[in-house]
Asks: 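The structure that follows is given in the form of structure tokens.
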Amino acid sequence: MTSTASQESAMRLILPLPGNETFAQRLANAGGWELGVLEVRRFPDGESYVRLLSDVVGKSVYLVCTLARPDEGFLRLVFAADAARSLGARTVSLIAPYLSYMRQDRRFRAGEAVTSRSFARLISSSFDRLVTVDPHLHRYPALSSLYAIPTNTLHAAPLLADWIAEEVRSPLVIGPDEESEQWVSAIAERARAPWTVLRKVRHGDRSVDVDVPDLSAWQGRQPVLVDDIASSGHTLIEAARKLPPQGFPKPVIAVVHPIFAENSYARLRALSERIVSADAVEHESNAIGLASLIAGELSVAENTAEQLVRRRRPPEPRDEVEQAGYDSFPASDPPSWTSGR
């Protein structure tokens with residue numbers, strides 16, 4: 001590594017939100033970057049306390065937070081981003097391996113909130129850049145249709161294909177619906193395997209009909225069901241049920257985003273040979289790492305970082321009252337006259 005590259009790496013800080021420490025460590029290792037520390041706790045009334053324990057002055061700060069189940073910690077994420085900026089970070093970017101709130105992309109019924117647009121505005125107001133993996137685009141052609149900040153969309157399909165090629169003997173790659181045909185065919189081509197797709201009719205969030213075509217031409221092969229996201233899991237469950245009656249063994253399941261709401265993972269596990277996923281969301285099925293993929297993108301994107309500095313406001317100097325607080329006791333420690341909680 002040249003001295004210039006070494007200096008640039010030293011100016012990058014990977015800062016994980018709670019629950020993202022393992023992924024952040026892998027990302028920092030892959031890029032040779034500093035791993036920061038964030039302190040988070042709750043006050044007795046339920047409000048969030050956030051403190052940055054790492055120096056961010058002049059650094060490109062990357063907050064790592066997969067956004068599965070975002071309602072539980074979104075405010076902590078925004079508070080951390082705002083603190084990093086006010087304390088002198090050069091840029092503040094969000095690494096969200098899984099990006100939530102993409103489902104509601106229009107009003108299906110009168111009065112509904114189009115939450116994909118609302119969420120995009122919130123993220124865009126707090127960050128300089130968004131990096132994510134396989135967002136569930138449906139009616140939007142790209143994230144740039146939603147987000148007012150630069151976005152980097154990465155794809156895990158090659159990694160799924162490589163895992164299938166290495167771990168599954170004589171695979172038959174099967175996609176969830178006709179819309180997935182291009183994605184599935186690319187995975188199959190890289191894995192050097194035949195492929196097909198199911199026909200799916202969705203009746204709601206929890207009701208779906210799956211039609212499995214005649215697969216007799218591929219008898220003797222190991223079916224591999226692939227999908228970008230396993231949320232309710234109903235599509236995969238119905239497909240897994242219908243493969244053995246055609247004379248196939250239990251399928252292998254490979255997904256990018258393992259949400260597995262409620263008891264869907266246990267139900268699918270009983271119907272499958274094996275379930276694997278990328279680590280965009282931490283789950284016991286994780287077998288495909290994304291850290292190197294994201295680290296490679298950050299290394300390229302950093303070359304144009306100057307264009308991303310929005311300079312919403314300069315770092316905030318401490319006034320006399322705030323400085324007195326720092327001098328008297330650490331902000332994270334309760335004053336002596338309290339009960340300590």
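Note that the structure is predicted; figures quoted are calculated from it, not measured.
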Asks: Quick one: pull up CG in Asp227 and CG in Leu160 and give me the separation to the nearest 0.5 Å.
Replies: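 These two atoms lie 10.0 Å from each other.
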Asks: Which residue is it: Leu63, Leu15, Asp82? I am looking for the one with a side-chain contact (heavy atoms from CB on, under 4.5 Å) to Val92.
Replies: Leu63
Asks: Quick one about Ser116 and Tyr140 (side-chain donor to acceptor, distance below 3.5 Å, no hydrogens or angles considered), yes or no?
Replies: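 Yes, because at least one side-chain N or O of Tyr140 sits under 3.5 Å from a partner of the opposite role on Ser116.
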Asks: If you measure from the Lys or Arg side-chain nitrogens to the Asp or Glu carboxylate oxygens, is any gap between Arg117 and Asp105 under 4.0 Å?
Replies: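 Looking at Asp105 together with Arg117, the answer is no, because their closest N to O distance does not fall below 4.0 Å.
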Asks: Please work out whether the ring planes of His283 and Tyr265 are parallel, tilted or perpendicular, with thresholds of 30° and 60°.
Replies: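 Taking Tyr265 first and then His283, their aromatic rings stand perpendicular (interplane angle over 60°).
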Asks: Without hydrogens or angle criteria, can the side chains of Thr91 and Asp128 be said to hold a donor-acceptor pair below 3.5 Å?
Replies: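 Per modelled atom types, Thr91 and Asp128 side chains form no pair under 3.5 Å.
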Asks: Under a 4.0 Å threshold between the charged nitrogen and the carboxylate oxygen, would Arg106 count as salt-bridged to Glu112?
Replies: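 Here Glu112 does not pair with Arg106 in a salt bridge, since their nearest N and O are not under 4.0 Å apart.
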Asks: Find the distance between CG (Leu27) and CD1 (Ile14) and round it off to the nearest 0.5 Å.
Replies: 4.5 Å
Asks: Just checking, is any N or O donor in the side chain of Gln25 or Asn29 under 3.5 Å from an acceptor N or O on the other one?
Replies: yes
Asks: Ring of Phe43, cation from Arg41 - is the NZ or CZ under 6.0 Å from the centre and inside 45° of the axis?
Replies: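 The answer is yes, since Arg41 meets both limits relative to Phe43.
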Asks: Distance check, rounded to the nearest 0.5 Å: Arg51 atom CZ versus Tyr49 atom OH?
Replies: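 Spacing of CZ (Arg51) from OH (Tyr49) equals 5.0 Å.
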Asks: Yes or no on side chain to side chain contact (heavy atoms under 4.5 Å, CB included) for Leu67 and Thr132, after CA distance, side-chain angles and deciding distance?
Replies: CA-CA 10 Å; Leu67 289 171; Thr132 190; over 6 Å; no
Asks: Is it the case that Arg76 and Ser48 place a side-chain donor and acceptor less than 3.5 Å from each other?
Replies: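 No donor-acceptor contact under 3.5 Å links the two side chains.
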Asks: Above 12 or not: heavy atoms from other molecules or residues under 6.0 Å from CZ of Arg192?
Replies: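 Incorrect, the count does not exceed 12.
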Asks: Which of these, Ile294, Asp279, Leu290, Leu35, sits in a side-chain contact (heavy atoms from CB on, under 4.5 Å) with Arg26?
Replies: Asp279
Asks: Does anything in residues 265-274 pair up under salt bridge (Lys or Arg N to Asp or Glu O under 4.0 Å), and if so which pairs, sequence neighbours excluded?
Replies: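 Sorted result for residues 265-274: empty, none.
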Asks: Is it the case that atom CD in Glu189 sees more than 12 heavy atoms from other parts of the structure closer than 6.0 Å?
Replies: no
Asks: For a side chain to side chain contact (heavy atoms under 4.5 Å, CB included) check, start with the C-alpha distance between Lys59 and Glu34, then their side-chain angles and the critical distance, and finish with the verdict.
Replies: CA-CA 10 Å; Lys59 296 181 180 180; Glu34 177 187 359; 2.8 Å; yes
Asks: If you measure from OG on Ser231 to CD1 on Ile259, what distance do you get to the nearest 0.5 Å?
Replies: 6.0 Å
Asks: Measure the spacing between CG of Leu271 and CZ of Arg241 and express it to the nearest 0.5 Å.
Replies: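 So the gap between those two atoms works out to 6.0 Å.
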Asks: Less than 4.5 Å apart, any side-chain heavy atom of Leu99 and any of Phe119?
Replies: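 They are in contact (side-chain heavy atoms under 4.5 Å apart), so the answer is yes.
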Asks: Does anything in residues 142-162 form a salt bridge (Lys or Arg N to Asp or Glu O under 4.0 Å)? List the pairs, not counting sequence neighbours.
Replies: Asp162-Arg190
Asks: Hydrophobic cluster membership, with links at side-chain heavy-atom distances under 4.5 Å among I/L/V/M/F/W/Y: are Val281 and Met102 in one?
Replies: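 In one cluster with Val281: Met102, no.
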Asks: Taking atom types as modelled and ignoring hydrogens, do the side chains of Asp228 and His257 form a donor-acceptor contact shorter than 3.5 angstrom?
Replies: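 The criterion, which ignores hydrogens and geometry beyond distance, is not satisfied for His257 and Asp228.
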Asks: Within this structure, what is the OG-CZ distance for the pair Ser60 and Arg129, rounded to the nearest 0.5 Å?
Replies: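 Ser60 OG to Arg129 CZ: 8.0 Å, rounded to 0.5 Å.
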Asks: Indicate yes or no: at least one non-hydrogen side-chain atom of Phe127 is less than 4.5 angstrom from one of Ile95.
Replies: no
Asks: Tell me, please, which residues at least two apart from Asp134 pass side-chain hydrogen bond (donor to acceptor under 3.5 Å, both in side chains).
Replies: His155
Asks: Does a sphere of radius 6.0 Å around CD in Gln104 hold more than 12 heavy atoms from other residues, nucleotides or ligands, not counting ones at 6.0 Å or beyond?
Replies: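 Atom CD in Gln104 is packed in, count exceeds 12.
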Asks: Does CD in Gln219 sit with more than 12 non-hydrogen atoms of other residues, nucleotides or ligands closer than 6.0 Å?
Replies: yes
Asks: Where do Thr235 and Pro176 come nearest, in terms of heavy atoms and distance?
Replies: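 Thr235 and Pro176 have their closest heavy atoms at CG2-CB, 4.0 Å.
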Asks: Applying side chain to side chain contact (heavy atoms under 4.5 Å, CB included), run through Leu225 and Val252 and close with a yes or a no.
Replies: CA-CA 6 Å; Leu225 293 170; Val252 172; over 6 Å; no
